[in-house]
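Have a look at the structure below, then the notes.
We name chains A, B, ... by the order of the sequence lines, and we start the count at 1 in each one. What you see below is based on every heavy atom in this structure, not just the backbone, and it leaves out hydrogens, waters and symmetry mates.
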Number of protein chains: 2
Amino acid sequence: MAKNLKSIQRREREREELREQILDVAMSIFTKEGYEAVTIRRIADEVEYTPGALYSYFGDKEDIVFALVVRASKKLNALFQSLEALPHPLERLWATGRAYMRFAMENPVEYDLLFIMSAPIQKMAECDFDETRTAFHILRKTVQECMEQGFLPRADADAAAFAMWSFVHGSVSLMIRKRLAAIPEEKYDDLLQGAFNFLMNAMMPRHQETPAIMLSAPKVLAKKKIGKK
Amino acid sequence: MAKNLKSIQRREREREELREQILDVAMSIFTKEGYEAVTIRRIADEVEYTPGALYSYFGDKEDIVFALVVRASKKLNALFQSLEALPHPLERLWATGRAYMRFAMENPVEYDLLFIMSAPIQKMAECDFDETRTAFHILRKTVQECMEQGFLPRADADAAAFAMWSFVHGSVSLMIRKRLAAIPEEKYDDLLQGAFNFLMNAMMPRHQETPAIMLSAPKVLAKKKIGKK
DNA sequence: ATAAGAATTGAACATTGTTTAATTTACTAT
DNA sequence: ATAGTAAATTAAACAATGTTCAATTCTTAT
């Protein structure tokens with residue numbers, strides 16, 4: 001009766017490992033070949049199990065996709081939390097915007113899962129997803145502080161925070177979903193940076209001195225400009 | 001040999017009618033039950049033909065979806081063109097933004113097809129789609145005029161136009177794809193209007209007198225507030 | 001070694017998009 | 001009117017999808 005604790009723990013750990021491996025594989029296929037290629041049979045092939053086996057790890061395909069959303073959400077949240085420490089609210093706002101755009105452009109599949117795809121919205125609604133909710137509240141708080149300290153025109157903080165989120169989301173999602181036929185892809189980075197600068201500068205009260213960070217800011221995607229050569 | 005012109009014309013017209021009916025039905029299913037419900041067999045059922053028959057009208061399913069995109073594109077373009085006549089560039093900019101948001105919120109399926117879905121992007125890339133391209137150029141021209149007349153801070157017109165498009169796209173697509181858990185749906189309209197006002201006001205040079213239209217502007221989605229009672 | 005329990009398989013289902021040979025329909029020429 | 005022809009439509013099949021479940025294998029405690 002009294003089962004061996006060691007083996008039951010090990011079995012649980014192995015189950016968890018396979019679960020993670022399934023998600024790894026799903027993500028990898030998604031990234032390399034697009035969502036249509038993410039198939040139960042294809043995943044099963046790559047983890048060397050039978051399709052049916054996956055159903056003892058996930059209820060259905062949507063559960064797999066949703067698990068990917070949760071992963072992506074944690075990744076983005078960690079990024080945001082690392083910025084909360086910045087004391088200057090305008091610098092924080094600036095850095096958050098840049099980090100958001102950069103995350104999206106460097107992790108388009110994660111971004112797609114989090115903010116564009118319709119596949120997981122059913123289950124996202126059920127879990128009602130605190131992550132993005134708190135992210136928005138943090139953004140609003142930052143905006144509010146900016147207003148209080150005179151870096152932004154005083155106005156409804158909800159509206160202003162939503163406006164900024166809308167801008168960054170809009171710009172990256174137009175790029176990710178290739179709805180920018182008017183602009184060649186090489187110019188995406190410059191455009192992103194230029195539009196962001198334009199908005200931030202435009203919003204700053206005229207008498208306000210432009211903070212140093214806004215003048216010396218590197219490009220949004222400055223770092224790893226891999227491939228493309 | 002010399003075929004009867006009348007009947008060949010009529011056959012062509014009938015073909016065209018069925019083609020349109022297929023698109024009507026597809027759009028109707030999409031609107032009422034979502035994209036997953038839009039199935040070749042389902043469409044065939046509703047037009048009272050056999051699934052195979054549809055393939056003499058469209059090459060494949062993606063062709064059908066793309067035809068829906070073309071339809072939506074014409075609809076949106078007509079809307080834009082009706083605004084080109086406005087002489088005052090800031091008023092035109094303002095009206096265009098409101099019209100865009102309103103189009104999206106009142107025609108979420110069309111908007112999805114045009115700017116969010118990934119299904120038709122293959123064929124959109126092939127046709128390289130002049131519609132949205134010229135729409136962007138028109139927007140840029142309006143922005144440019146606003147800058148020249150002192151209604152917007154002088155800056156790169158491409159970046160500024162892109163920033164504005166990004167904002168409106170971002171806001172409506174977050175709503176359409178239900179990524180706004182932080183905000184109850186009843187507030188969508190107010191938020192849209194508030195964010196738009198915030199951005200427009202923030203961008204206007206401080207010394208500039210606020211044009212009348214910006215003060216008296218009705219809500220973005222003022223008109224038909226159907227249902228929801 | 002054996003029994004119990006968990007994990008995995010294999011085979012089946014229903015549903016998808018798509019193709020194609022066969023059939024029906026519509027129309028022209030006699 | 002009739003036969004022939006070209007177009008339109010069907011019916012049936014295919015492969016691939018998500019999913020289920022009885023049968024089998026594997027693991028582990030006794």
Side-chain angles (χ1 to χ4, degrees), chain A residues 1-23 25-26 29-30 33-68 117-123, chain B residues 1-23 25-26 29-30 33-68 117-123:
Chain A
M1 233 343 138
K3 303 219 168 184
N4 184 343
L5 193 67
K6 270 287 178 49
S7 35
I8 169 172
Q9 277 181 338
R10 196 204 55 211
R11 261 221 318 274
E12 252 172 47
R13 196 190 56 224
E14 283 172 352
R15 265 191 83 81
E16 186 54 31
E17 276 169 12
L18 180 49
R19 220 189 104 98
E20 293 300 315
Q21 204 202 334
I22 289 168
L23 296 179
V25 162
I29 298 170
F30 196 164
E33 304 174 38
Y35 183 66
E36 336 74 68
V38 180
T39 262
I40 298 290
R41 280 173 175 81
R42 175 72 189 280
I43 298 171
D45 262 10
E46 297 206 12
V47 296
E48 295 175 297
Y49 278 77
T50 272
L54 302 208
Y55 285 86
S56 89
Y57 291 84
F58 294 93
D60 57 14
K61 193 185 176 183
E62 206 189 332
D63 272 342
I64 296 179
V65 176
F66 181 67
L68 295 179
M117 282 185 59
S118 56
I121 94 173
Q122 184 85 0
K123 258 141 195 168
Chain B
M1 236 341 142
K3 305 220 168 184
N4 184 345
L5 193 66
K6 272 285 178 51
S7 34
I8 170 173
Q9 276 180 336
R10 195 203 57 209
R11 261 218 322 273
E12 253 171 47
R13 196 189 56 224
E14 282 171 352
R15 264 191 84 83
E16 187 54 33
E17 276 168 11
L18 180 49
R19 220 188 104 100
E20 294 300 315
Q21 204 202 335
I22 289 168
L23 296 179
V25 162
I29 299 170
F30 196 164
E33 304 175 36
Y35 184 64
E36 335 75 68
V38 180
T39 264
I40 298 288
R41 280 174 174 81
R42 175 71 189 280
I43 299 171
D45 262 11
E46 297 206 12
V47 297
E48 294 175 301
Y49 277 77
T50 272
L54 303 207
Y55 285 85
S56 89
Y57 290 84
F58 295 93
D60 56 15
K61 193 185 175 181
E62 206 187 333
D63 272 342
I64 296 179
V65 175
F66 181 67
L68 295 180
M117 281 185 61
S118 55
I121 95 174
Q122 183 84 1
K123 257 140 197 172

Residues which pass side chain to side chain donor-acceptor pair (under 3.5 Å) with A:Q21, listed by chain and number, not counting sequence neighbours: none
Can you name the residues that form a side chain to side chain donor-acceptor pair (under 3.5 Å) with A:D45, not counting sequence neighbours? none
Partners meeting ring pair (Phe, Tyr, Trp, His ring centres under 6.0 Å) with B:Y49 (sequence neighbours left out): none
Which pairs of donor and acceptor atoms, one on a side chain in residues 58-67 of chain B, lie under 3.5 Å apart (sequence neighbours left out)?
residue, atom, partner, partner atom, Å
B:D60, OD1, B:E62, N, 3.3
B:D60, OD1, B:D63, N, 3.0
B:D60, OD1, B:K123, NZ, 2.9
B:D60, OD2, B:K123, NZ, 3.3
B:K61, NZ, B:V38, O, 2.9
B:E62, OE2, B:K123, N, 3.3
B:D63, OD1, B:K123, NZ, 3.1
B:D63, OD2, B:G59, N, 3.2

So which heavy atom on A:M117 is nearest to which on A:A119, and how close? CE-CB, 3.3 Å
Between D:dG18 atom P and A:I64 atom CD1, what is the distance in whole Å? 9 Å
Just by protein heavy atoms under 4.0 Å, how would nucleotides 9-17 of chain D read 5' to 3' in B, S and -? SBB-B---B
Provide, to the nearest angstrom, the distance between the OH atom belonging to A:Y55 and the P atom belonging to D:dG18. 6 Å
Under the side chain to side chain donor-acceptor pair (under 3.5 Å) test, which residues partner A:R42, sequence neighbours left out? A:E33, A:E46
For the pair made of CZ in B:R11 and P in D:dA7, what is the distance, rounded to whole Å? 7 Å
For the pair made of CD1 in B:I22 and P in D:dA8, what is the distance, rounded to whole Å? 13 Å
Rounding to a whole Å, what distance do you find between B:E12:CD and D:dA7:C1'? 13 Å
